[in-house]
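Okay, so here's the structure we're looking at.
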2 protein chains.
Amino acid sequence: MIERFWSISIGAGMDDPAVIRHPSASVEDYVKAIWEVAGSGAASTKDVAERLSIAPPSVTNMFVRLQEMGLVEYERYRGASLTRRGREEALRLIRRHRLIETFLLEHLGYSWREVHEEAERLEHAVSDGFTERLAEFLGHPGQDPHGDPIPAADGSLAPDDSFPLGEATAGQRVRISKVGDDPSTLEYLGDHGLVPGRLLSVREVRDLDGVITVEDEDGESHALGAPLAGAVFVRGE
Amino acid sequence: MIERFWSISIGAGMDDPAVIRHPSASVEDYVKAIWEVAGSGAASTKDVAERLSIAPPSVTNMFVRLQEMGLVEYERYRGASLTRRGREEALRLIRRHRLIETFLLEHLGYSWREVHEEAERLEHAVSDGFTERLAEFLGHPGQDPHGDPIPAADGSLAPDDSFPLGEATAGQRVRISKVGDDPSTLEYLGDHGLVPGRLLSVREVRDLDGVITVEDEDGESHALGAPLAGAVFVRGE
DNA sequence: CCAGTAAATTAGGTTAGGCTAATAATCTGG
DNA sequence: CCAGATTATTAGCCTAACCTAATTTACTGG
Ligand SMILES: [Mn+2]
Ligand SMILES: [Mn+2]
Ligand SMILES: [Mn+2]
Ligand SMILES: [Mn+2]
């Protein structure tokens, strides 16, 4: 009697198809970068390459792999967009990143300049268990210290209805919700008390040069050029 | 302060400015494994392979690379021993590991069972800056919670003059300095208050079965078999 | 609508760090 | 002191992630 054996399984033996494992640090950073440059749209090879400081062909190559992992939808020449799973992974990573930054700032005495780099590595090394215990330790913050919302453990992210101060109109009263995370911007804004939670009255929006003048709660007046005004996000009061 | 960014000269390549770069996580774990299995002697391929759960040929290969990096002295068929730099790297890693474990236990509510695995990954992701701020946050502990000494920032490690309780003699008064880190051992000892710092009087050392009977500070008596008695390290009082 | 440019992909490498199978060296107990 | 067992090395592969150079595709403005 002849017995026939055949196998339906794809790929190499039953060794370990790439389906299960945690994404590597690289994969996580790519997924986060796609989220950051494209949100729910499609991210271009170039944008992702620039954000990650990686050569474009490497990105093309990774887009293919991310699709095989089910993290993105990818079509040649038209970029990659996150699948539901990809989005979940991105938000899980961002949650870790922002909680870690909060911890470093509030408990270890880090300055803003140092925080991001450390978090960029640590975010890949902590488990979900660590993350939730850290959230508990921090009192389950909803935003990180410069106002970026921290995604919830279930992956949900509060919709953001804030807009750049540069788009405000004279006479408006607004509250700072978050500030850009460029180090020198952050330093300037911090020094002048322009931090999340602060209430501002928009005095003048000068079209000529884009300078916006605001008055803070203490009656202090600030004139901000377009780059700065674009880094301060506010919500109407 | 010790110089910790070191250069690996890569022959003719000049492709990269071959400077800098921390050892990779793998390299760090190898160096630590060599320290753990051999101290200042030579570690065998087999011992390191077993400790790291890696195939022996991979270890042989890494021994060669570690030597090229100046971290070990290696001779075919006679194992690898750490150079001064290798020892420094190992102790720096162990410092990070033990400080992280201390933090996880004392501040994030981890149990002993969970701590080690998390620290095993985090130890590779934290910077020296993080490590020193964490040490500060923790109050510069000299030992981790089960009594293992934490190497100082300068790489020095207090010499260990403790010995297993199994080697004590009847009538001796001893203080527990550290306990083995096997999870179930740890659980038993913790439940019975046999933790570092505790003072014990050795009542009986029974050669017949290796059982040691001790009395603690509260007059409580404990009979410990050889495996347990070997996991409790003490110092004479 | 089409040529020139910008973006993307393909082709062909590299390095780190793993693996297995085959072979060689060392060690040990009779 | 030597044969078998143990340990180590060599040979040959593999995958993940990067790279540069060459080529192809897509976009855009005249
Ligand atoms: Mn950040
Ligand atoms: Mn990162
Ligand atoms: Mn440990
Ligand atoms: Mn480790």
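Hydrogens, waters and symmetry mates are skipped; everything else that's a heavy atom, side chains included, is used. Just so it is clear, the structure is predicted and the values come from calculations on it, not from any experiment. Every chain is numbered from 1 and lettered A, B, ... according to where its sequence line falls, protein lines coming before strand lines.
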(request) Fit a plane to each ring of A/Phe137 and A/Phe103, take the angle between them on a 0 to 90° scale, and name the class: parallel (under 30°), tilted (30 to 60°) or perpendicular (over 60°). (result) perpendicular
(message) At a heavy-atom distance below 4.0 Å, what parts of residues 32-39 of chain A sit against DNA chain D?
(response) none
(message) Is there a side-chain contact between A/Tyr30 and A/Pro23 in this structure, where contact means two heavy atoms from C-beta onward sitting under 4.5 Å apart?
(response) no
(message) Is any side-chain heavy atom of B/Ile150 closer than 4.5 Å to one of B/Thr102?
(response) yes
(message) Can you see if the side chain of B/Thr45 gets near the phosphate of D/dT9 - specifically, an N or O under 4.0 Å from OP1 or OP2?
(response) yes
(message) Can you tell me if B/Arg76 touches the phosphate of D/dT10, counting only side-chain N or O atoms and a distance under 4.0 Å to OP1 or OP2?
(response) yes
Atom-to-atom span, [atom1] of [X] to [atom2] of [N] - whole angstrom:
X	N	atom1	atom2	value
A/Lys46	D/dA26	NZ	P	18 Å
B/Glu28	C/dA16	CD	P	16 Å
B/Tyr74	D/dT10	OH	C1'	11 Å
B/Phe63	D/dA8	CZ	C1'	10 Å
A/Arg78	D/dT25	CZ	C1'	11 Å
A/Asp47	C/dA6	CG	P	15 Å
B/Tyr77	D/dT6	OH	C1'	12 Å

(message) Against B/Glu123, only a single residue in B/Lys32, B/Arg96, B/Arg98 fulfils side-chain hydrogen bond (donor to acceptor under 3.5 Å, both in side chains); can you say which?
(response) B/Lys32
(message) Can you confirm whether the side chains of B/Ser111 and B/Glu114 place a donor and an acceptor under 3.5 Å from each other?
(response) yes
(request) Please check if any side-chain donor atom of A/Asp29 sits under 3.5 Å from a side-chain acceptor atom of A/His124, or the reverse. (result) yes
(message) Under 4.0 Å, counting only non-hydrogen atoms across every strand here, what does A/Thr60 touch: a base, just sugar-phosphate, or nothing?
(response) base
(request) Check the surroundings of atom CD in A/Glu36: do more than 12 heavy atoms from other residues, nucleotides or ligands lie under 6.0 Å from it? (result) yes
(request) Decide if atom CD of A/Glu106 counts as having more than 12 heavy atoms of other residues, nucleotides or ligands within a radius under 6.0 Å. (result) yes
(request) Any chance you could measure B/Asn61, atom CG, to B/Thr45, atom OG1, to the nearest 0.5 Å? (result) 11.0 Å
Polar-atom pairs under 3.5 Å, protein N or O versus N or O of nucleotides 18-20 of chain C: list them with distances, or write none.
from   : atom 1 : to      : atom 2 : distance (Å)
C/dG18 : OP1    : B/Ser26 : OG     : 2.6
C/dG18 : OP2    : B/Tyr30 : OH     : 3.3
C/dC19 : OP2    : B/Ala55 : N      : 2.8
C/dC19 : OP2    : B/Ser58 : OG     : 2.7

